[in-house]
Amino acid sequence: MKSGSSDVLKEFSAEQVEKLDGIIARYRGKPGGLIPVLEEAQMVLDYLPVPVQKRIADGLNLPLAQVYGVVTFYSFFTMKPRGRHTLRVCLGTACYVRGGKSIAENIVKEYKVGEGETTPDRRFTYETVRCLGACGLAPVIVVNENVHGRVKTQKLKSVLDEYQ
Amino acid sequence: MITLKVNGIEVSVPRGSTILQAAEKAGVFVPTLCHDRRITPYGACRLCVVEERRKPGSLIPSCFTPARDRMEILTETPAVLEAVRTQLQLILVNHPLECPICDKAGECTLQDLVIRYNVTEAPFGTEAFARYLDRRSPLIERDMTRCVLCGRCVRICGELQGREELEFQHRGHKMVVGTDGGRALDCDFCGLCVSTCPVGALNDKLFKDGTRVWKLRREPSVCTHCGLACEADFHLEEGQLRRVTPAAPTGNGKGLLCARGQFGWRAFRSPSRIGAPRIRRDGVLHEAGWNEAIAHAAKALDAVRRSHGAASVALLTADHLTTEEAAAWGAFWRDTFGGGPVGSIQADGYRQILETLAGVRGARVAGGTPRDLDEADALVVLGGGSAELHPVLKPLVNGWLRRGGRELAVVSSWPDALTRRATLPLTVTPGLVEDFCGELLAALGSERAGAPADLARYGIDSCALARLVGLLVESRGVVVLVAPEPWGDNRQKARLAAYLQDRVRAVVPLGGQVNSAGAVLGSGLVSDGGAGNGIALTEAIEAGRIRALYLLGEDPLEGLPDPQRVRRALERLDCIVCQSPFWTAVTDLAHAVLPSALLHEKRGSILSLLGESRSLRPVLPPFGQSRSDGEILPGLAAALATGPRVPSAPSMPEPAAPRPAATPAADEAAMPFRLEAVPSLFGDGILSRQSPDLEELRRGLRVVMSGEDFERLGLAERETVEVRTPAGSARAEAERDAGMLKGLLLLRHAAGRPAGLSLIRQGAGCIPADIVRIGT
Ligand code: SF4
Ligand code: SF4
Ligand code: SF4
Ligand code: FES
Ligand code: FES
């Protein structure tokens, strides 16, 4: 045995774990079931840490290494909890020269979050992108589905305060 | 057969062969990087491209393209050469050129190909992207910056070892090969991934940074850690062993080793090697010369012979003698000395089954060969732990299964490695495998081919049972492997095996030490009187029927259950002679200690338990003053040549088979678990226990239980718990196994540990047990 599943599964509610087991049970023994199980599991649990993968691997009778390989292959799957909001900063050429870089640095500093990471309070998951095709509005940030253009570094906090 | 030409050379190959195989047969070199003949072709590197003369310009990867009749293959056309060079340049983009500090340099496929194809420019730049370096894992270091993503390790671990420890992860330039979550390796440590890696990405830590490969001399030898006696290459530098690798997979060789073979070699020079003979004078062991020591031993044995007859001396062998030595020792023991019972503790189960098969002592047993195993339609394994006793069985059986349409039936009470691969797993109630074999024999023998009467008792599904019986009745293509239980009773298995041996293709007893087969079938040290059975031996000593022990590398204190009782019995003996390579627990009680050589230090032949005869040359220099068992014998035989010949009655009464008591004692009834001692993948024998590296993998005494029990007890991973049985109690590290039956405990690594041995009983199969958390 490789990792103690029960302890870490405590992060999730009993109801979530039950749902997970239900998903696994529905696909058990069906070839090609892994990806749908992972998709549905991520809907229920938001993210797929190794203990969850272990439970899925045991349940589907697959090697854990294979499950892990699939989870890391597709960027859709995540092993870390996502924040309540997804914050994307554009670092395409136009945004970069018009202040995107300083916005990015500011976020890292003020919200204590690295690229691709989630803030400790799970408020934001921070990502960078290359050009959103809205260069006229540069620098651009996107929070969830909302595009904010011409964001000044000083105004950043007030924009983000809308998202708690 | 089809016939084709490779570079104008005509070859015939069986239909279905690849172009690469045809080229090999024609003696034409084709570069490969991701190919290993032990595993399925994969087609990752595209270095093996060739052209067909009639279709110029279309490049064919030869490692997985089947050859067709009348093909004309060209391997060195300008188009091929350019493709290979470009491909190598592309691989170098992501490969650091650190050959001066890479242990692989000198035997690196990539380096060899770069030189061979004269790749001198790097038009694409060489910007190796840093990837992880794992130094935490035992025995294997993984430096992914050097990895060329050929997938050989992934495939060999999954396809052959069946472990699936490694997998491709991430994508694009971030792709690596690794474990889930990036943890350290926690696997079988077979080393096959190291042996297949074409570059320096997977390294043998025992070898790393020690020397350069071109300083090594390669000597063919064998692994002596178990009875499979796998072929291995020993790499020596000025007489010092630096590493062991699987022999090249050519001819009959499969190119397979397990952890013991690959990483267990430091046992040969363990600090416990005995350098000089010792004799006991005034209660203390003193160093002595050989003549003096032999005279001392002979005198003590002679005294016992005069007082109680030579038949009161028992001989125990670890079966590490060559066949020639075993024959000479057997002749001496029977004819010159007239000694008493002979046996082996470590190979007791194997010998019991083999000798039952041989029936008449010394008769030839047909046995099973690697070819029988290869060509079998079905394998039936009686008893758990087969691939733990002989780990290379695992890749052998996995390779065999992969060819499809084969049935693997495993009768076991616990999920051993082969049960997990079985197409027909038969999980028997713990402790009842022996009874089940007995009843199966009755059912088969009565020709009603019915099912054993009381199925519920064995916990086996009746369909599964019917399939098993079907296999054994329609049995021409069936090979039966019989795995003895350590310290268990194996008589029913032996009888069933004897019944089956004329009806199936082959019966192979397992559990033998490196040359158990040679000792028994070469009519050398046959188990007369069954001295290897711990209870019989202890009782005979206690009753005064056995007065002295001659130990050929064997140790009852380290190998028998109930070590306290065994110690008290041994202390009663008039004389113990230890002829052994290693200091072990019993050498402290010896009257004379005669340092013997290891098999790698001597010349002679051995017989693997698959009937392969292997001849050994000394590949290691002698250690200290040690002598081979063959060299020690003449002096001893001369000293004991004359003496009173008391008519011998060597045999010991068989101990009554200990059956579970009808009404268990109160403490037993309250114990909710059943504990079974099982063999360790990393070896339970004295030799394997001498390896510090295997010992590290064992991590002490371990107790395994079902996930459900583990969670119910609220245990944490690797928590130390107290295991109690009616026989004793001991601390062990708890582990869980999702595939296990509830209520069963497996005890690993008991051999050589008094605490572990004190938990079990000889012949009991299973014992009631309880788990107590420490500090509660
Ligand atoms: S040592 Fe063996 S089991 Fe472990 S990762 Fe390598 S091939 Fe797999
Ligand atoms: S570690 Fe070695 S064997 Fe495994 S993929 Fe990389 S280069 Fe190939
Ligand atoms: S299976 Fe036995 S002989 Fe083969 S490498 Fe392992 S221990 Fe050695
Ligand atoms: S560069 Fe930011 S939107 Fe184009
Ligand atoms: S050897 Fe054929 S593709 Fe790698």
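The figures that follow rest on heavy atoms only: side chains count, while hydrogens, waters and symmetry mates do not. Below, chain A is the first sequence line, B the second, and so on; all start at residue 1.
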Notebook entry, point to check: In chain order, what residues pass the side chain to side chain contact (heavy atoms under 4.5 Å, CB included) check against A/Glu162, with sequence neighbours excluded?
Noted result: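 By the side chain to side chain contact (heavy atoms under 4.5 Å, CB included) rule, A/Glu162 matches A/His148.
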Next item on the list: Go through the structure and list residues passing side chain to side chain contact (heavy atoms under 4.5 Å, CB included) with A/Glu39, not counting sequence neighbours.
Entry: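 Counting only residues at least two positions away or on another chain, A/Glu39 forms a side chain to side chain contact (heavy atoms under 4.5 Å, CB included) with A/Ile35, A/Phe76, A/Phe77.
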Interatomic spacing from [atom1] in [X] to [atom2] in [Y] - rounded to 0.5 Å:
X        : Y        : atom1 : atom2 : value
B/Arg183 : A/Leu64  : CZ    : CG    : 6.5 Å
A/Tyr74  : B/Arg171 : OH    : CZ    : 9.0 Å
B/Leu166 : A/Gln66  : CG    : CD    : 13.5 Å

Please report the closest heavy-atom contact between [X] and [Y], naming both atoms and the distance.
X        : Y        : result
B/Gly181 : A/Val50  : CA-CG2, 3.9 Å
A/Gly69  : B/Glu167 : CA-CG, 4.3 Å
A/Tyr68  : B/Gln169 : CD2-NE2, 3.0 Å

May I ask you to check whether over 12 heavy atoms, not counting those of [X], lie within 6.0 Å of atom [atom1]?
X        : atom1 : answer
A/Glu127 : CD    : yes
A/Glu115 : CD    : yes
A/Gln164 : CD    : yes

